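These notes are about the structure you will find just below.
Both backbone and side-chain heavy atoms feed into the values below; hydrogens, waters and symmetry mates do not. What you are looking at is a predicted structure, and each value in this text was computed from that prediction instead of being measured. Atoms within a ligand are numbered from 1 in the order they appear, just like the ligands themselves.
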Amino acid sequence: MVDDSFRAVYRILDASANRANEGFRTLEEFVRFGLENKTLVAAAKQLRHDFAQALARLPRIQLVSARDASSDVGASAQTVSEYHRKTTDSVITAAIERVQQSLRVLEEYGKIVDPAFGRDIEAIRYRAYNLHRDVELQSWVGQRLQRLADSRLYVLIDCMSDEEAFLTAIRKWAAAGVDIFQLRDKAADDRTLYQRALIGAKVAAESDALFVINDRPDLAVATDADGVHVGQDELPPGVARRLVGPDRLVGVSTHDLTQVHAAIDQGADYIGCGPTFPGRTKQFDSFAGPEFLRQVHAADKTRPLPAFAIGGITAENLGQVTETGFHRVAVSGAVTAAADPVAEIQRLKRKLESGR
Ligand SMILES: Cc1ncc(COP(=O)(O)OP(=O)(O)O)c(N)n1
Ligand SMILES: Cc1ncsc1CCOP(=O)(O)O
Ligand SMILES: [Mg+2]
């Protein structure tokens, strides 16, 4: 029979142990079947195993004897939010919170029964914090990579006349179908770039569009942008990666297949391929043209990598791009200089999605 003075403690430990186990398993299923990340699966399994080892210090028969789910006054106290899970991210967040809260309860009340148990659970709790960090980062970068894979229309924008015009354009153009924005403004000072990028990253995130900074990994990190785009004259992709970290995107400009393969080897998440046609935003002495696009599309190695044709692309010449096999484009003047940018965005998007 359970000593009444300990009965409440045993019930608390029993409930928290079950809740933590359920949370660990919920996380592990996402890491295994959602992220398909072997390293994280191994870490999650090991943590769950070590947690079970720590629980073995508790008098199990006492915990089970004290269990009385039918008289649990907390069982009927539900919050509305616990029945709402919109995405796997919200499931993961709830599971992480459940594990962390349960481990803290086990640690504090477990010390009453066995101080060594409290110490074991404290160590498990800190390992759980790190695992949760890695799962959330992987999940966030996973989302960015998925949105990148789904992207078709990429628009390069400058700082525009003021913050309001900048913010309004991003909001309206994202709603019209822009998948990725890149802030590229060679005339702007750092403070202006920084302030616009803070706004752009936030507004783009609200609209499910990605927001990338041209040339500057430091600004991408400082403004929590989704990534950075570097050309052949900027920092090498591997260095940009070191600066922005594993959970942001690194895009690389390419003008021939050698540069394409180098970009892939250095960990690019996507490539820009051009310049394709003469345009108004940047002048070139020569053009890689549609032939380069055909080469990239035909090269097996580039298969999985999102590639955006760039340079003088408009709705009028888009057909010359899509017939090479490309179905992603990066444009600037076609949208920013259009009389009706929203209509132009919709026109480009329709053509990209229809393939003609
Ligand atoms: C998507 C995309 N592709 C290519 C470029 C060109 O980048 P880069 O060669 O570094 O030239 P600048 O844009 O820095 O003048 C790009 N910006 N975006
Ligand atoms: C930055 C850059 N790099 C290659 S072409 C280009 C400019 C793209 O702008 P537009 O679409 O107006 O030619
Ligand atoms: Mg550049």
| task | Determine, considering heavy atoms only, which of Lys186, Glu234, Lys282, Gln232 sits nearest to atom 14 (O) of ligand 1. | result | Lys186

| Taking N or O atoms only and a 3.5 Å limit, does Pro275 qualify as a polar contact for ligand 2? | no

| said: For Leu305 versus Ala268, what's the shortest heavy-atom pair and its separation? | reply: CD1-O, 3.3 Å

| message | I'd like the name of whichever of Thr281, Ile313, Val155 reaches closest to atom 7 (C) of ligand 2 through any heavy atom. | response | Thr281

| query | Hey, looking at atom 5 (C) of ligand 1, which of Ser253, Gly272, Gly231 has the closest heavy atom? | reply | Ser253

| If you count the non-hydrogen atoms of other residues, nucleotides and ligands that lie under 6.0 Å from CZ in Arg60, is the total more than 12? | no

| message | So is Ala334 touching ligand 2 or not, going by heavy atoms under 4.0 Å? | response | no

| field | Short N/O/S contact of Asp233 with the Mg ion (ligand 3) (below 2.8 Å) | value | no

| Are any of the N or O atoms of Tyr154 closer than 3.5 Å to those of ligand 1? | no

| said: Which residue is it: Glu234, His229, Gln182? I am looking for the one with a side chain to side chain donor-acceptor pair (under 3.5 Å) to Asn214. | reply: Gln182

| Sub-4.0 Å heavy-atom approach of Phe308 to ligand 1 | no

| note | So for Asp233 against ligand 1, with non-hydrogen atoms under 4.0 Å, the contacting part is neither

| Parallel, tilted or perpendicular for Phe308 and Tyr154, by the 30°/60° rule? | perpendicular

| query | Aromatic rings Phe6 and Tyr10: how do their planes relate, parallel, tilted or perpendicular, breaks at 30° and 60°? | reply | tilted

| query | After noting the C-alpha distance and the side-chain angles of Glu22 and Arg25, does the key distance pass the salt bridge (Lys or Arg N to Asp or Glu O under 4.0 Å) rule? | reply | CA-CA 5 Å; Glu22 290 153 11; Arg25 176 61 78 175; over 6 Å; no

| query | Counting from 1, what ligand 2 atoms have a heavy atom of Phe284 closer than 4.0 Å? | reply | 3 (N), 4 (C), 5 (S)

| field | Any Ile170 side-chain heavy atom under 4.5 Å of Phe211 side chain | value | yes

| Can you find a side-chain donor-acceptor pair between Gln100 and His132 that sits under 3.5 Å? | yes

| task | Would you please determine whether Phe277 falls within less than 4.0 Å of ligand 2 on a heavy-atom basis? | result | no

| query | Of the listed options (Gly231, Gly272, Gly312, Ala337), which comes nearest to atom 13 (O) of ligand 2 when hydrogens are ignored and any heavy atom counts? | reply | Gly312

| message | With respect to Ser332, determine whether any N or O atom, backbone or side chain, lies less than 3.5 Å from an N or O atom of ligand 2. | response | yes

| message | Show the atoms of ligand 1 that are less than 4.0 angstrom away from any heavy atom in Asn214. | response | 13 (O), 14 (O), 17 (N)

